[in-house]
Amino acid sequence: MSLARVHNFSLSLDGFATGEGLSREAPFGHAGERLHEWMFATRFWHEMTRRPGGTRGLDDAFARQHTPGIGAEIMGAGKFGYPGWHDDPEWKGWWGPNPPFHTPTFVLTHHPRPSMEMEVGTTFHFLDTSPAEALRTAREAAGGQDVRIGGGPTVVRDFLAAGLIDHLHVTVVPILLGRGVRLWDGLEDLEKDYEVEATSSPGGVTHMTFTRTAP
């Protein structure tokens, strides 16, 4: 069976994956882009955004694991758009006509709408369903490849709580946010089900991987 994977999921030292006060003008609230600056600096990100340069090394190597072997993505309504986007029939996500997913992409929302076909293989499908059912649907669409659980923190937490994540990569960024949406709440003893590795980067972040152990 294909795996459910999370990659490049950034957290503050106090466990927040996004800030408070999300809006169309501030997609990550008061956190701004501070959680993701490590990734924006990599050659991987520069290639994705069609710019020259970018750093090589450990951060780039971790960032690149985001894409290979992925046949579908699941994301939450909060990753797809700003609070209240479902009231705007013209909203098609943050990424313009060519989103970076290039696979079937399933958006979990209580406000489903018709599927939207974008450029270069991305089609957004909108589901109001449980994590387990969403994963079954995405696996069917993935054609034997893995499914990426793209976030935000509430979605990743729900999939972890349901025991559905096979591989989790989080990047701990040395900042304190103090408020926002935390990942780990309610997931006590999660580490018992995973092999956990931590690798410190010269860039100042720590990459942590959680790989499910065999039953």
Side-chain angles (χ1 to χ4, degrees), residues 1-11 17-18 36 39 44-45 47-48 61-81 85 92-95 98-171 181 183-184 186-187 190-191 193-197 207-215:
M1 181 180 292
S2 67
L3 302 179
R5 295 159 39 189
V6 178
H7 290 280
N8 302 342
F9 196 80
S10 297
L11 296 177
T18 192
H36 307 99
M39 185 172 61
F44 164 77
W45 186 261
E47 291 172 356
M48 284 189 64
F62 269 102
R64 287 182 183 278
Q65 296 176 24
H66 172 271
T67 303
I70 294 295
E73 166 142 348
I74 297 171
M75 68 174 65
K79 178 174 178 177
F80 181 76
W85 63 262
K92 296 183 179 180
W94 299 105
W95 306 278
N98 181 14
F101 311 108
H102 306 156
T103 65
T105 301
F106 298 88
V107 181
L108 298 182
T109 174
H110 295 306
H111 303 274
R113 58 172 60 179
S115 297
M116 295 190 308
E117 185 173 349
M118 311 295 283
E119 296 178 4
V120 197
T122 300
T123 300
F124 290 114
H125 305 280
F126 301 87
L127 303 177
D128 185 4
T129 190
S130 67
E133 182 59 34
L135 185 55
R136 282 192 289 269
T137 300
R139 278 181 166 143
E140 291 176 2
Q145 297 193 87
D146 293 345
V147 176
R148 185 172 52 235
I149 311 302
T154 301
V155 166
V156 174
R157 188 192 316 122
D158 288 347
F159 275 77
L160 286 168
L164 298 174
I165 301 295
D166 299 295
H167 177 83
L168 169 68
H169 164 226
V170 298
T171 302
V181 183
L183 175 63
W184 301 122
L187 297 176
L190 174 77
E191 71 280 358
D193 297 325
Y194 293 87
E195 293 180 359
V196 184
E197 296 183 0
H207 297 281
M208 300 188 67
T209 57
F210 295 71
T211 305
R212 183 177 296 281
T213 55

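Below, all heavy atoms of this structure are taken into account, side chains as well, without hydrogens, waters or symmetry copies.
- Nearest heavy atom pair, residue M116 against residue F126, reads CE-CZ, 3.7 Å.
- Within a 6.0 Å sphere centred on CD of E119, other residues, nucleotides and ligands contribute more than 12 heavy atoms.
- Counting non-hydrogen atoms of other residues, nucleotides and ligands closer than 6.0 Å to CD of E47 gives a total above 12.
- For the pair A138 and F106, the tightest heavy-atom approach, listed with the atom from each and the gap, is CA-CE1, 3.7 Å.
- Each ring pair (Phe, Tyr, Trp, His ring centres under 6.0 Å) pair with one or both residues in residues 136-167, not counting sequence neighbours, appears once here: H7-H167.
- Contacts classified as salt bridge (charged side-chain N to carboxylate O under 4.0 Å, His left out) and involving residues 143-156 (residues at least two apart or in different chains) are given here: R5-D146, E73-R148.
- In this structure, the side chains of H125 and S115 come closer than 4.5 Å at one or more pairs of heavy atoms.
- Side-chain contact between N8 and W45 is absent, with no heavy-atom pair separated by less than 4.5 Å.
- Residues that satisfy the side chain to side chain donor-acceptor pair (under 3.5 Å) test with T129, not counting sequence neighbours, are absent from this structure.
- Sorted by first and then second residue, the salt bridge (charged side-chain N to carboxylate O under 4.0 Å, His left out) pairs with a member in residues 126-137 read E133-R136; sequence neighbours excluded.
- Nearest heavy atom pair, residue F124 against residue K92, reads CE1-O, 3.9 Å.
- When all heavy atoms are compared, the tightest approach of I149 to V6 is O-CG2, 3.6 Å.
- In this pair, F210 and W184 present their aromatic rings tilted. The plane angle is within the 30 to 60° band.
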Next on the checklist: The test is side chain to side chain contact (heavy atoms under 4.5 Å, CB included); show your working for V155 and M75 and say whether it passes.
Outcome noted: CA-CA 7 Å; V155 166; M75 68 174 65; over 6 Å; no
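- H169 and T171 share a side-chain donor-acceptor pair at under 3.5 Å.
- The salt bridge (charged side-chain N to carboxylate O under 4.0 Å, His left out) pairs that include a residue from residues 99-116 number zero, where partners must be two or more places apart or lie in different chains.
- Using a 4.5 Å cut-off on side-chain heavy atoms (C-beta onward), H66 and F44 make contact.
- Scanning all heavy atoms of the two residues, the minimum distance from A142 to V147 falls at CB-CG2, 4.2 Å.
- Ring pair F80/W85 is perpendicular by interplanar angle, where above 60° counts as perpendicular and below 30° as parallel.
- Across every non-hydrogen atom of H36 and S10, the tightest pair is CD2-OG, 3.8 Å.
- Applying the salt bridge (charged side-chain N to carboxylate O under 4.0 Å, His left out) test to residues at least two apart or on different chains, the pairs with a partner in residues 155-168 are R139-D166, D166-R212.
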